[in-house]
Amino acid sequence: MRHFPGSSSKAQANRKSVQHRPQMRPPTPKAMREMSVIAQDPSVRTADRKRIVMSKVTLPAEILSNGPRGYRVHVIDYDSTTELYHGAYELPLEYGSEPEAWHLGDLSITDDYRFHAQNVYALVMKTLSRFEFALGRRIGWSFESHQLNVAPHAMVDANAFYSPADQGLVFGYFFDVNGKPVYSCLSHDVVVHETTHALVDALREKYMMPSSPDQAAFHEGYSDVIAILSVLSQPELIEELLCAEDKIAQKKRTLAPEKVEIVKLQESALLKLAEQMGEEMRGVRGEALRHSVRIAPNPDILKSPEFAEPHRRGEVFSAAVLSAFVHVWHERIVGVEQGDGLGTLGDGRYSLRRVAEEGAAVADYLITMLIRGLDYMPPIHVIFGDVLSAILTADIEIRPDDSRYHLRERLIERFAEYGIQPTSDRKDHPGIWRSVESGELSYARVRFDSMRSDPDEVFRFLWENRVALKLSEEAYTRVLSVRPCVRIGNDGFTLRETVAEYYQVARLTLDELSGHKIKVPSGLTELLKGIDPDRSNSDPGDDTAQDDHPAPVGSDEADLKTIELYGGGTLIFDEYGRLKYHISNDVLNRKRQSRRLVDLFHFGFFRAQKGKAGISMSKQSISAIHRLRSLGGTRKAGEGW
Amino acid sequence: MKNAPKSVTIRSYQVGFGDCFLLQFHYASSVRNVLIDFGTTGIPDSLQTTPSVHMPRVAEKIAEHCGKDVAKGTKGKLHAIVATHRHKDHISGFATDGSNGGSGKTIKDLNPDVIVQPWTEDPSAAEEATHARETVRETAKRVVKVQTDLLAMHAVAAAAVKYAKRELQKKGSTAMSVRTLKKLQFIGEDNVSNLSAVKNLIDMGGRPGATAIYANYGSVSGLEAVLPGVKITVLGPPTLEQTDRISTMRSRDAIEFWHLLSGPLQSPQLLPLAHGMLREKAMGRVKLGINLLTLPSQVRWFARRLASLRSAQILEIVTSLDEQMNNTSLILLFEFGGRKLLFPGDAQLENWRYALQEVGKESKKNVALVSDIDLYKVGHHGSLNATPKKMLWEKLTRRNAPGGARLRTILSTMPGKHMGKVGGGGEVPRKPLLKALKDETVLFSTDNLRKSAKPEDTQLFQEVILDA
């Protein structure tokens, strides 16, 4: 039988008006508010299977217009398959006025579109606020609008994706074998995954560009792991997972000591979560969690062809982080030294709630670490080793003492097991980026105040110090962003920094590349030699799908015979305006750029334009990457025409 | 070998965008005829005709080449048919329901003795899945699962065709350009079920005295029985069990994907990809049609973007689907008298990769086996990914060889009909590949056959002869 969404009586009772007037309410003095969301997805139920496991999230309070439409998110419930506009929803003013069904996890909420709207709004805002808290500043989207569009029922499709060109998140829906609709907007991990794509794009816009296999894998792997840890940061859900198949635990609310061993935690929390995640949703999210947990540690794993595929490679990144999560969680329960750990109750068992809370706390802190790491990553051509060094450095800056969690230690160990070594080779502080030698830099002609917000002032600093900072003068240089931030550590420690990014572009001929000892694959050389500048005004491409926007390298004759190289750096200034870290990828780095050209050429990113007027570099959208992942597809390394 | 062919004539027929080849093996005192594919998704405009008129003409020409002569009262004989995979452009000509003018009837009358199809088409799997002994039953169940996947893919394709047709009927549709909608319709139609053709292939295989073979990598082809002195190697497609053996974690996701998009197969008329959920005005929802102006102004821009995105998504879905179905193609290597002929249907990288890369020492042997082929049927009408460049093309030793030793290539294609996969290059045939074929091989392309509105002036086939 086909079920009609929103048609149940409970769903109708929960529905409010669809008008578009802003709500005339007095401003609320509260800074934060709470909202009900589905803890994972509608298939994760309480032990009696009668209710969906729910969770309460805390997020910034605001006066919402109908939609809901807030200061950063606009939920637009338009369905492009049916061409139906479902209307704008007025959300309950506070947690206490939500319908009881939302609190209880009544099955009717899967048909309640007003609840769907709250679920996506709350999870997007929660994710945004996590990022803003961790980074200590507001984060704008990568596009010009302040408000991210979110379509909870965008179209029939087993896909959900972030689309920067459309300034929004698109959640598809589809039908299970019984004809019942399955909504991707109700899956916690899917919503957080897509929001993370949007936030990474906002903070590192060049990471969407074709680069190394690691960079392609990073967007997916990072979004996966933030999404999974976000789900695991809900103690209510961990509690349900830990006692799902343990009758004694369900009854006594305690756990036997053997249940908190590393392998058992992996099985009961991570794999159980993977199993319980809606089977139907596999077409949307793939099996990231299941795959990641099952990838056995192997230092050579990233060298195998199977893990050259971006989505598989991203799963290795997730595997390393999740392995660190489980190890730290275990240590927090049983303790590393005498007197550490939670301690057992009188019967020698652990409190279920405390074990769950500890897991949620570790997941929560790991998310914060991962987010803070973003500021310490190079703006372009990131590799996993950079990511690890960035996470470690960002963490040591705000939390020098790691003796409580040993998180940095475990991350280094676990990443090493998957063949990922930090890029920084420092011995005194393993994996931490090297500080800048302050004596070599000149601050005489720059203004301290302007350096905290003005890209031109930061550029002046760069230019003044171009020799010390080894800035290539052959390249075009642009400061992308200057972001002052105030980070607050768990212990109340405040860290003030300014983070600036610049990027460089060098357009070089084959001779110039050769002069810099940058190797160009022979096929790319042939492609470049075949360019006909006389055809430069011809139609640049075919009428192709939206995922296939060719980006012409240039239209001037001089540009047609060149290859673009990209580089750049991240500058971290302390609160006195002194440069602490310069994390850069030299635009003329012989080794990395040679490697990148080989990777890009073999993965088919360079193509002659129609009429051979130049070379195009195609890029893949998040949508296409997800589709490829769902279908277990492969990219054609060096095999295409 | 005493009873071996002295030569082979390979005829490529004009079927527009499709494949149709007759391999005629000449023995000392007889000939043996093998038809590889017979389908079309588009006839060249310059022929000014339709498939239902043109395909029977081709069928009659094939029958004639197989010895049919009404005046002499000879019926003609086809010894074997190979249907590489179920795409319309490979099997539509076998339909007997009139969709192609009943051309399948003409072929059926040639009484083929062996019908070879990929393992995915085995109709006995459903029976075995229920009744066979355990080990066979498990395998059969997986085949049945793949077959239901294929049905789901057909349903998705049908929905896409319906969508494209509806959009094309709209005036001033903003969702997608007319050209792209036509491409969507074209790819969709290629993937829609060809029930009549499928049934005829099963019927021909079930004729008393005939044999139906469902082949996979490493299996016997069944053609040996009708082609003495010819060695046939099946290089693809691999079965699920075979791919399972070499993959640490090949995605199960793909297996479910098409079902999610097709909706319940018991209700194919719903085609959710085309219609979505039923509309409910009672819920205060606004039925918009294409008039986005009825929306509140603050949501119009995004709604328009969603409409456009949806079209792009459907195109992405259908091109992915097209590629997956191509990967069920048979890849056959014929060897006789020191000659080698390679016919890969529309196999894509994943299919090729199994034989040429993923089975260890066997792969090395397979690469060596195909490296000195004399004739190559260009995969998938010359598309971007069907002739793997490094894995296959660069290994072919007869490219650029002098004189008669040079590699022959046959290409059945029609430019301007098919766009490439999402994220890949566009046109079919792909220009860089076409250039390589022209520069490095002796190319025979059906696109070069003379075309005319007058049937008598239209060149229906071309032939290549290879002596032992």
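Numbered from 1 within each chain, the chains take letters A, B, ... in sequence-line order.
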Trainee: Where do V299(B) and Y85(A) land on the side chain to side chain contact (heavy atoms under 4.5 Å, CB included) test, with the steps shown first?
Mentor: CA-CA 10 Å; V299(B) 306; Y85(A) 178 53; 4.0 Å; yes
Trainee: Looking at S80(A) and R310(B), what are the two nearest heavy atoms and their distance?
Mentor: O-CD, 3.2 Å
Trainee: Just verifying a value: how many Å separate L273(B) CG and F175(A) CZ, rounded to the nearest 0.5 Å?
Mentor: 10.0 Å
Trainee: CG of N149(A) to CH2 of W301(B): how many Å apart, nearest 0.5 Å?
Mentor: 6.0 Å
Trainee: Could you look at V150(A) and say if it's the side chain, the backbone, both or neither that has a heavy atom under 4.5 Å from chain B?
Mentor: backbone
Trainee: Do H74(A) and F302(B) come within less than 4.5 Å of each other through their side chains, counting heavy atoms only?
Mentor: no
Trainee: Just verifying a value: how many Å separate I76(A) CD1 and R305(B) CZ, rounded to the nearest 0.5 Å?
Mentor: 12.5 Å
Trainee: Less than 4.5 Å apart, side chain to side chain, heavy atoms only: is that true for D166(A) and L306(B)?
Mentor: no
